[in-house]
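So the structure is just underneath, and the comments pick up after that.
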Amino acid sequence: MANIKSAKKRILVAQTKADRNKAIKSGVKTAIKKVHAAIESGDKAAASAALLAATSEIDTAASKGVYHKNNASRKVSRLAAAVNKMA
């Protein structure tokens, strides 16, 4: 455990940021799973709605620096391609 006050603060700040990043990543993963579930069920309308929500979540994560912009773009592109590939 750190003895210096600034080091103790850095530990707390790092933990806070890690928790925030983890929550954002978890939200993105959940949104992506919802899109895949809608695709599996064959419901184009639900898949499109879920895609819109997932895109928003992914863009938010990218703007907050949790995901790199290219990584976020790739995720959105693959989800959109999967939804467009539906009948």
Side-chain angles (χ1 to χ4, degrees):
M1 184 63 195
N3 291 327
I4 299 167
K5 187 175 182 180
S6 62
K8 290 179 183 178
K9 181 179 178 183
R10 292 312 311 162
I11 290 170
L12 292 174
V13 170
Q15 185 61 50
T16 302
K17 289 185 177 189
D19 291 344
R20 170 183 162 271
N21 291 346
K22 189 174 181 181
I24 292 170
K25 275 191 180 184
S26 177
V28 169
K29 288 178 186 177
T30 302
I32 290 172
K33 285 178 188 173
K34 286 181 181 176
V35 174
H36 286 304
I39 291 170
E40 288 292 320
S41 70
D43 189 356
K44 179 96 172 169
S48 297
L51 174 65
L52 199 62
T55 302
S56 176
E57 285 273 343
I58 293 168
D59 289 342
T60 301
S63 70
K64 291 181 181 292
V66 178
Y67 285 118
H68 189 275
K69 65 182 179 74
N70 292 356
N71 186 359
S73 180
R74 185 177 67 243
K75 287 179 185 296
V76 170
S77 178
R78 288 180 179 173
L79 284 176
V83 170
N84 291 338
K85 196 169 140 182
M86 291 176 69

To the nearest 0.5 Å, atom CG of D19 lies from atom NZ of K22 at 7.5 Å
Tightest non-hydrogen contact, residues A62 and A72, listed as CB-CB, 3.6 Å
Is it the case that atom CZ in R78 sees more than 12 heavy atoms from other parts of the structure closer than 6.0 Å? no
Taking atom CG of L52 as the centre, does the number of heavy atoms from other residues, nucleotides or ligands within less than 6.0 Å exceed 12? no
Minimum heavy-atom separation for M86 to A47, with atom names? SD-CB, 3.8 Å
Of D59, I58, T60, the one forming a side-chain contact (heavy atoms from CB on, under 4.5 Å) with V28 is I58
Any sub-3.5 Å donor-acceptor pair from T30's side-chain atoms to S26's backbone N or O? yes
For residues V83 and K44, report the shortest heavy-atom separation together with the two atoms involved. O-NZ, 3.1 Å
With L51, which of I39, N84, V76, L79 fulfils side-chain contact (heavy atoms from CB on, under 4.5 Å)? L79
Would you compute the distance between atom CD of E57 and atom CD1 of I32 and round it to the nearest 0.5 angstrom? 9.5 Å
Return yes when atom CD1 of I4 has more than 12 non-hydrogen atoms of other residues, nucleotides or ligands closer than 6.0 Å, and no otherwise. no
Taking the side chain as every heavy atom from C-beta outward, state whether R20 and I24 have any atom pair closer than 4.5 Å. yes
Quick one: pull up NZ in K29 and NZ in K75 and give me the separation to the nearest 0.5 Å. 8.0 Å
